Amino acid sequence: MAENPYTPQQGKLDQPLLESQLLERWRNLGVFEKSLEARAGGEPWVFYEGPPTANGMPGTHHVLARVFKDVFPRYQTMRGRRVERKGGWDCHGLPVELAVEAELGFTSKDDIEEFGIAEFNARCRESVFKHVGEWNRLTERIGFWIDLDDAYRTLDASYVESLWWAIKTISAKGLLYEGHKVVPYCPRCGTTLSSHELGQPGAYRDVVDTAAFVRLPITAAHGPLEAGDQLVVWTTTPWTLVSNAAVAVDSDLTYVRASVGGQIVVVAEALVEKSLGESAEVLSKFAGKEIVGAAYEPPFNFISAADYGPAGHTVLAADFVTAEEGTGLVHTAIAFGEDDFRLGEQAGLAAINPVKPDGSYDERIGSYAGRQVKDCDADLIADLESRGRLLRAEDYEHSYPHCWRCSTPLLYYAKPSWYIATSKIRDRMLEENATIDWHPEHVKDGRFGKWLENNVDWALSRERYWGTPLPVWRCGRGHTHVIGSFDELEELSGIRIEDPHRPYVDEVAFPCPQCTDRMVRVPEVIDVWFDSGAMPFAQHHAPLENQDRFEQRFPADFICEALDQTRGWFYSLLAVSTLLFDKASYRSVVCLGLILDGDGQKMSKSKGNVVEPWSILDSQGADPLRWYFLTSKQPWDGYRFSTDAIDESTRRLLLPLWNVLGFFTLYANASGVGPIAGDPQPANDLDRWILSRLAATVTTVSERLEAFDATAAGREIQELVEDLSNWYVRRSRRRFWDGDEAALGVLRHVLLTISKLLAPFCPFMADHIHVTLDPEGAESVHLCDWPQPGTRDESLEAAMAAAREAVTLGLAARGQAKIKVRQPLRAAVIVATEEERAALEGLAEVVREELNVKELRFADAADELAQLEVKPNYRTMGPTFGKDMPLAAKAVEALDAVHVGDLLKSNQPVHINVAGREHPLGADDLIVSMMPLDGYQLEREGSHAVALELTLDEELLLEGLAREVVHAVQAARRDAGLDVEDRISLSLDGDQRLLEAASLHKDYIAAEVLATAFEVGTAASGEEVLVDGRKLVVAVERN
RNA sequence: GGGCGAUUAGCUCAGCUGGUUAGAGCGCAUCUCUGAUAAGGAUGAGGUCCCAGGUUCGAGUCCUGGAUCGCCCA
């Protein structure tokens, strides 16, 4: 007998401790590296890491993303694929600048310029990796296997050079241009605000502005309009009226000419009362499209119609006009609104902006020149009124964006900016999107698809400091040259650039290739989303080097990020690769939802409900957290996060596994049965059943993981563990006590296979099981191959399901009768059809033992316990009978069940008459079942029932008492601190009836409690206990 | 204002292409087993499947409208 073939399980499960031991083991053995080396020759399966910014602390939502980024690569690795996992860091951008500004107490760009760009950017460079140590520590702790030593960094010169190549390539395709864009702008700080900054708390505030209804007389009859009719427009920003360029209407909306106070005005029909009051008299109605093209007099004459172009001061059709507010006619000032600007571009209107960067009017606005625009609202309105051009002015409360730093109301303002003409590749992006496998599916055509359909050109440039410099040089005559590499820059300038960031790159100048004027770089940096979108090639410094390495790893098989990346990384990846390679850069994407607290509230620092990952990892462990994220729900639906929910991972999955493993090692060691080579050798139906369940689970888990469905895959594993723990082990205990090699072999095989299935989900527990059970095998479960499904026996699975249901019903019946399971009963009577009966008979032993009955009997049609019943199968009969289905159902129920049973048994069709026609029905169309008769004490569920024979005779009673004695002796053994395999000498004394039972079942008791010597009626000393109300003295002595 | 999603037991979630007694876990109550023992098991209570229409022989499931919540956009 070998001494402890397996390391004994130690006490209670301490998940964090277990994990720390395995982390050390993986580190020492280099398991991650080995898992990659072992697949070096495998077919690549490509994962792209969406780079996080390491200038903030990692939170629970980062753990979520990293868990999902881990599970599928681990699975594919076990499938034999080569899954490299290169880490990455997003280093540039406004969040980094803002953090540094806050640190330095800066409030504007002037502060930065004064401080010096070189020093400022040096601070940014430091700041961006402020918490990288923390990120690395957390990443390792949660078991996310990724190569952080060789991570790409978007600030590296090589990375930036690849970006320059990309921009030059895009430019060469004619897709890079300089244009105008309307942006929220703070006139005090002289700075454009990003959408990120508009999202800052306090940015939107409720303010009261003046809303003006302005009259714009038509200059010449047009369609239903006559000269002198007045268009009425409505605006909450009177200061923009000076640059009114056009009036927008909705083509299909109904407008009216209405008479008010003797004048004829035009508004949308739906808004007549709201804008004109009840006295207005409608003269005629027409669609918006009928007045498109009509010319009108502008509210002010500072800028002429001709300056705007042919469509200046005319009515235009637009898609953004609504009949919710105002008049349904929208004042359009090209430079001061997103919609306005887009309309201007479509209609070919010049983007005239008479407002200077400091927020004052320029010289074109006559007497108002030099004044802050917002301050002119009242005067402008008075001016309109004096000329009879104001219909009405009123206070209007709305939320309006302000600068989050200085509280100045922002202006929407057209500024020059560099663009990529993504709208020209919109259709290609849509086509490529169609090839992407989205999880969840609805994002493809929903959020993401809609976003693509409404694609506008990518505003690439930022007037900032810490970012990839836009590689555009320009000379005094306006020629531009895009630089695509450091070599090219050196060739032209003679300077080899070391750090391509500002301000150094700004100092590099060269003669214009066209006119020899001095060329200097434009001041802008590029949007950080372009940085990360270019990671497929830039991470390898392709194509400037490693082009083959890039090509072998493009596109990605899998990416995964939170849903807020739809317009972020998911888009920039697709846009960049479509621009450059005319191809999507990822095949599958898994989206993750938001993490809310247990009450469904968003986690925020101010609410104090943020759950910090370390507290969970330290107290509960990484596996429970991973399992919670992976299996509790579909990840994109978001989480209601609570520590209780994580405990459930432990209670339902990890603890049962730990217990079963402990159970196995205990008895395998006790009997000295070590690992047995080869396939498991099932010795009975329970063995065959659990192996069949295992096979089914392997198949399903593989399928679901292939489909990126960790949730369903995990739940499948969960069910198998429950079956194993609550049924297989429970029903096989005696064999383990006896050291049954077949049982030990099967259990070991099942546990080892589960450890492989579980490895991608809970890498710690999985490896613990593996290392414990296969000490001579692979160093880690993570170096193992994914299991192949064994053969299934579905009829056995069905039979076992029936047996378990019979047990459930039998136990319920015992509960009703209030008779303990320890008390044997004569018989259980099971109501079942012939088929079920055949299945159950093979498993009678299992059911008998579990119910503790001497005999299993079956009721059949002849039995008084039940009768046959025949019901229609709606699923098969429904399509055939359609409307007549209720009649058909009645006809079926009227059939004689016994007769139907006989016919079907001999494969003959059953006929029913419906609506005067005969219809043959086959076995599939009819459900024949046993229905228990009323009036019996039994438990039933659906068509199944189990009745217990409750009469207790002397024999049964004594046997019951014998089992009580066993129970008492076992308790005494435990109290004496004996090991499970210790042999004892046992003496009993006390109540005569108990002793009678003990004597009668002496051999049984001795075997149960491992007594080698057993005396009845002679216990001198010993523990006195009460058994079933009777006194028993138990003396136990270890041999 | 627009788009997308969600709404099933007290809580967290399943429910496949429509098929006739809607499931699981937790919690609660009652009971129970024990050679996995600070674990395990059973039973029970608990549901107008958000509401209203519609399609259908039949709707938690499909369609329309509405409500509430969330995310994104304006």
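No experiment lies behind these values; they were computed from the predicted model shown. Chain letters run A, B, ... following the sequence lines, proteins first and then strands; every chain starts at 1.
- Closest approach to the A/Arg730 side chain among B/rC73, B/rG41, B/rU17 is made by B/rG41 (side chain taken as heavy atoms from C-beta onward).
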Between the protein and nucleotides 4-9 of chain B, which nitrogen or oxygen pairs come in under 3.5 angstrom?
unit_1	atom_1	unit_2	atom_2	d
B/rC4	O2'	A/His442	ND1	3.3

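- Straight-line distance from the CG atom of A/Asp564 to the C1' atom of B/rG70: 14 Å, rounded to whole Å.
- Between A/Phe448 and A/Phe570, the ring centre distance reaches or exceeds 6.0 Å.
- Straight-line distance between the C1' atoms of B/rU8 and B/rG15: roughly 9 Å, to the nearest whole Å.
- Counting to the nearest Å, the P atom of B/rA74 and the CZ atom of A/Arg342 are 11 Å from each other.
- Across all strands, A/Tyr667 comes closer than 4.0 Å to base atoms (heavy-atom distances).
- Residue-level contact check: A/Val807 touches neither bases nor backbone, having no heavy atom under 4.0 Å from any strand.
- Mapping A/Lys820 and A/Val660 onto RNA chain B by nearest heavy atom places A/Lys820 at the nucleotide closer to the 5' end.
- For the pair A/Asp647 CG and B/rG27 C1', the interatomic distance rounds to 14 Å; values are reported in whole Å.
- B/rG18 sits 16 Å from B/rU56 when the P atoms are compared, rounded to a whole Å.
- The pair A/Glu1008-A/Arg734 meets the salt-bridge criterion, since a charged nitrogen lies less than 4.0 angstrom from a carboxylate oxygen.
- In RNA chain B, the stems built from three or more successive Watson-Crick or G-U pairs (distances below 3.5 Å) are B:1-7 with B:67-73, B:10-13 with B:23-26, B:28-32 with B:40-44, B:50-54 with B:62-66.
- For A/Glu648 against B/rG25, no side-chain N or O and base N or O form a donor-acceptor pair under 3.5 Å.
- Nucleic acid contact for A/Arg715: sugar-phosphate only, since backbone atoms but no base atoms lie under 4.0 Å from a heavy atom of the residue.
- Within the 6.0 Å centre-distance limit, the rings of A/Tyr413 and A/Tyr185 are counted as a close aromatic pair.
- Among A/Asn455, A/Asp457, A/Asn454, the one residue that satisfies the side chain to side chain donor-acceptor pair (under 3.5 Å) test with A/Ser423 is A/Asp457.
- Contact annotation for A/Leu563: no contact, since no heavy-atom pair falls under 4.0 Å across all strands.
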